[in-house]
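Both ligands and their constituent atoms are indexed starting at 1 by order of listing.
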Amino acid sequence: MDTRVRLNSRAVAEAACQALHDELALETKPGLVSFVDSGSHTDMDAGTFLRSIGALRPFFTTFAELGAQRAHFRALELQGVRAEAAMLDATCGVNTHRGAIFILGLLCAAVGWIYADGEVPTANEVRRTMLDAWGADLARRANVARESNGSRAAQRFGLRSISVEAAQGFPVLFDKVLPALGSVPTDTTRTDALFAAITVLDDTTVVHRGGIQALVDVKRIARDFLAQGGAAATGARELLRDLHRQFVARRISPGGAADMLSAACFLQATCVASASNALDPRLRGDDDSLSFPRRRESKAQLAPA
Ligand SMILES: CC(C)(COP(=O)(O)OP(=O)(O)OC[C@H]1O[C@@H](n2cnc3c(N)ncnc32)[C@H](O[C@H]2O[C@H](COP(=O)(O)OP(=O)(O)OP(=O)(O)O)[C@@H](O)[C@H]2O)[C@@H]1O)[C@@H](O)C(=O)NCCC(=O)NCCS
Ligand SMILES: Nc1ncnc2[nH]cnc12
C-alpha cells in the first residue's frame with residue numbers, strides 16, 4: 001500500500017482563505033475591519049476583504065504547487081506580484097492583503113514543498129523549509145529600499161519590516177503568535193494571539209498611519225492588555241471595545257499584526273504538532289492532486305540554482 005502523503009494544493013489554498021476569513025470574522029479587533037465595522041479605515045469594509053479573499057484563492061493553490069516543484073524564489077516573487085494585482089483589481093485599488101499575500105504565499109509554498117517530500121508538515125519544518133529553500137533570496141532583498149509605505153517607515157525609524165521578518169524566518173509569527181493561538185483556537189485565543197503580535201511587531205502600517213509614537217503606544221497597550229489577563233479576563237469585552245474606540249480616534253490600524261494572526265491560523269490548520277499525529281483528511285491528496293516520490297536529498301540541493 002502506498003502510504004506516502006500527497007499534496008492537495010487546493011486544500012492548502014482553502015486553508016489560507018479560511019485563515020484570512022477567521023481573522024476578518026474576529027470581532028472587536030483594535031482599529032481593524034470586521035463584519036461589525038470598518039475600524040480606522042474609510043476605504044474598505046468586510047465586503048472589500050471578502051472580494052480580496054475570493055480573488056486570492058487560485059494564487060495560493062499555485063504557491064503550494066510552486067513549492068512542490070521546488071521553484072526558485074523568482075517564481076514566487078512573480079506569483080506574489082500577480083496576486084497583488086488581482087487583489088487590487090478585486091478591491092478597486094485598496095490594499096487589503098499585501099502583507100498576507102507575502103507571508104501566506106511563502107507558507108503555502110513551504111507546505112507544498114514538504115508534501116512533495118511525502119511528509120506531513122509541522123510548523124518547525126515549514127519554517128526550516130522556507131529558510132533552507134528561499135532564505136538567501138529573502139535575506140538579499142530584506143534591506144533593499146522600496147517606494148512603499150512600509151519600506152519608507154522601516155528605513156526612517158530603523159524598524160524590522162515585513163521583509164526583515166521573512167528573512168529571519170518570521171520569529172514573531174512562530175515564536176509568539178502561533179503559541180498564543182494554541183492548539184484549539186477560539187475567539188479568546190485569536191484575540192490574545194493578535195495582541196501578542198502587537199506587543200512585538202514593528203508594524204509599519206501603524207507607523208505609516210499614526211507615526212512612530214503610535215507604534216510605541218500600541219505595543220504598550222497590548223502588553224498591558226495581556227498582563228491584565230487578556231481576552232479571558234473579567235471585563236475584557238468592554239476593554240476591547242474601549243481600545244477599538246481609541247485606535248479609531250487616532251486612525252491607527254495594526255494591519256501587519258492582523259496578517260500575523262491569519263498566518264498563525266493557517267499554520268494551526270495545516271500543520272500537525274508532530275509528524276506522528278493524525279492528518280486532517282481534507283489536506284490529503286486523494287483526488288487528482290500532485291503526488292511525488294519521497295526524496296532523500298537536502299532541500300538546498302533540490303532548489304534550482
Ligand atoms: C514585500 C512586500 C510585502 C512589500 O512590503 P514593504 O515593506 O515594501 O511595504 P508595504 O507595501 O507597506 O507592505 C507591507 C505590508 O505588510 C504588513 N506589515 C507591516 N509591517 C509588518 C511587519 N513588521 N511584519 C509583517 N508584516 C507587516 C502590512 O500589511 C497590512 O496592512 C495593509 C493595510 O495598510 P493600509 O495602511 O490600509 O494601506 P496602505 O496601502 O499601506 O496605505 P494607504 O495608501 O491606504 O494609506 C494590509 O495590506 C495588511 O496586509 C503592510 O501593508 C511586497 O509588496 C512585495 O515585495 N511583493 C512582491 C511579491 C513577493 O515578493 N512575494 C514573495 C513570495 S510570496
Ligand atoms: N481586518 C483587517 N483590517 C484592516 N487591515 C487589515 N489587514 C489585514 N487584515 C485587516
Among protein heavy atoms, which lies nearest [atom], and at what distance?
| atom | value |
| --- | --- |
| atom 18 (N) of ligand 1 | Gly256 CA, 3.6 Å |
| atom 13 (O) of ligand 1 | Arg98 CD, 3.7 Å |
| atom 10 (P) of ligand 1 | Gly150 N, 3.8 Å |
| atom 5 (O) of ligand 1 | Ile162 CG2, 3.6 Å |
| atom 43 (P) of ligand 1 | His208 NE2, 3.7 Å |
| atom 29 (O) of ligand 1 | Asp259 OD2, 3.1 Å |
| atom 41 (O) of ligand 1 | Asn149 ND2, 3.1 Å |
| atom 34 (O) of ligand 1 | Thr205 CG2, 3.2 Å |

Option whose closest heavy atom lies nearest to [atom], chosen from [options]:
| atom | options | answer |
| --- | --- | --- |
| atom 62 (N) of ligand 1 | Phe63, Phe102, Phe73, Phe59 | Phe102 |
| atom 8 (O) of ligand 1 | Ala257, Ser163, Gly255, Ser148 | Ser148 |
| atom 45 (O) of ligand 1 | Asn95, Asp43, Val33 | Asp43 |
| atom 58 (C) of ligand 1 | Glu147, Glu84, His97, Met87 | Glu84 |
| atom 56 (O) of ligand 1 | Arg152, Met260, Arg141 | Arg141 |
| atom 24 (N) of ligand 1 | Leu20, Ile103, Leu201, Val94 | Leu201 |

What are the atoms of ligand 1, with element, lying closer than 4.0 Å to any heavy atom of [X]?
| X | value |
| --- | --- |
| Asp202 | 20 (N), 22 (C), 23 (N) |
| Met44 | 37 (O) |
| Asp203 | 19 (C), 20 (N) |
| Thr96 | 47 (C), 48 (O), 49 (C), 50 (O) |
| Arg209 | 36 (O), 37 (O) |
| His41 | 37 (O) |
| Arg160 | 23 (N) |

Check: With a 4.0 Å heavy-atom cut-off (strictly under), which part of Arg146 contacts ligand 1: side chain, backbone, both or neither?
Finding: side chain
Note to self: Treating Gln268 as the side-chain partner and Val184 as the backbone partner, does any N or O pair qualify as donor plus acceptor under 3.5 Å?
What the structure shows: no
Heavy-atom closest contact ([X] atom, [Y] atom, distance):
| X | Y | value |
| --- | --- | --- |
| Leu159 | Ala153 | CD1-O, 3.9 Å |
| Thr91 | Ser52 | CG2-CB, 3.8 Å |
| Ser253 | His41 | OG-NE2, 2.7 Å |
| Ala100 | Leu20 | CB-CD2, 3.7 Å |
| Pro179 | Phe174 | CD-O, 3.3 Å |

Notebook entry, point to check: Is it true that atom CZ of Arg141 has more than 12 heavy atoms of other residues, nucleotides or ligands lying nearer than 6.0 Å?
Noted result: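 Enclosed.
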Checklist line | Contacts of Asp45 that satisfy salt bridge (Lys or Arg N to Asp or Glu O under 4.0 Å) - sequence neighbours left out | finding: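 Applying salt bridge (Lys or Arg N to Asp or Glu O under 4.0 Å) to Asp45 gives none.
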Item checked: Salt bridge Lys29-Asp187, side-chain N to carboxylate O under 4.0 Å ->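 Here Lys29 does not pair with Asp187 in a salt bridge, since their nearest N and O are not under 4.0 Å apart.
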Checklist line | Same apolar cluster (I L V M F W Y, side chains within < 4.5 Å links), Phe102/Val126 | finding: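 Hydrophobic grouping puts Phe102 with Val126.
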Notebook entry, point to check: Should Glu165 be counted as touching ligand 1, given the test is an N or O pair under 3.5 Å?
Noted result: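 No.
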Checklist line | Asp224-Gln228 side chain donor-acceptor pair, cut-off 3.5 Å | finding: no
Item checked: No-hydrogen, no-angle side-chain donor-acceptor test under 3.5 Å, Thr122 and Asn124 -> no
Check: Which distance, rounded to the nearest 0.5 Å, do you find between the CG of Asp132 and the CH2 of Trp113?
Finding: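 The CG atom of Asp132 sits 8.0 Å away from the CH2 atom of Trp113.
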Next item on the list: Show the numbers, then the answer: is there a side chain to side chain contact (heavy atoms under 4.5 Å, CB included) between Leu240 and Phe225?
Entry: CA-CA 9 Å; Leu240 282 166; Phe225 177 77; 3.7 Å; yes
Notebook entry, point to check: What orientation do Phe35 and His21 show, parallel under 30°, tilted 30 to 60°, or perpendicular over 60°?
Noted result: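 Judged by the thresholds at 30° and 60°, the geometry between Phe35 and His21 is tilted.
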Margin query: Assess the residue pair Thr28 and Val36 against the criterion (side chain to side chain contact (heavy atoms under 4.5 Å, CB included)); give the C-alpha distance rounded to whole Å, side-chain angles, the decisive distance to 0.1 Å, and a yes or no.
Written below: CA-CA 8 Å; Thr28 332; Val36 174; over 6 Å; no
Note to self: Between Arg250 and Asp217, is there a side-chain heavy-atom distance shorter than 4.5 Å?
What the structure shows: yes
Item checked: Under 4.0 Å from ligand 2, counting heavy atoms only: the protein residues, by chain and number ->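 For ligand 2, the contacting residues are Glu23, Lys29, Leu32, Val33, His41, Phe49, Thr96, Ser253, Gly255, Ala258, Asp259.
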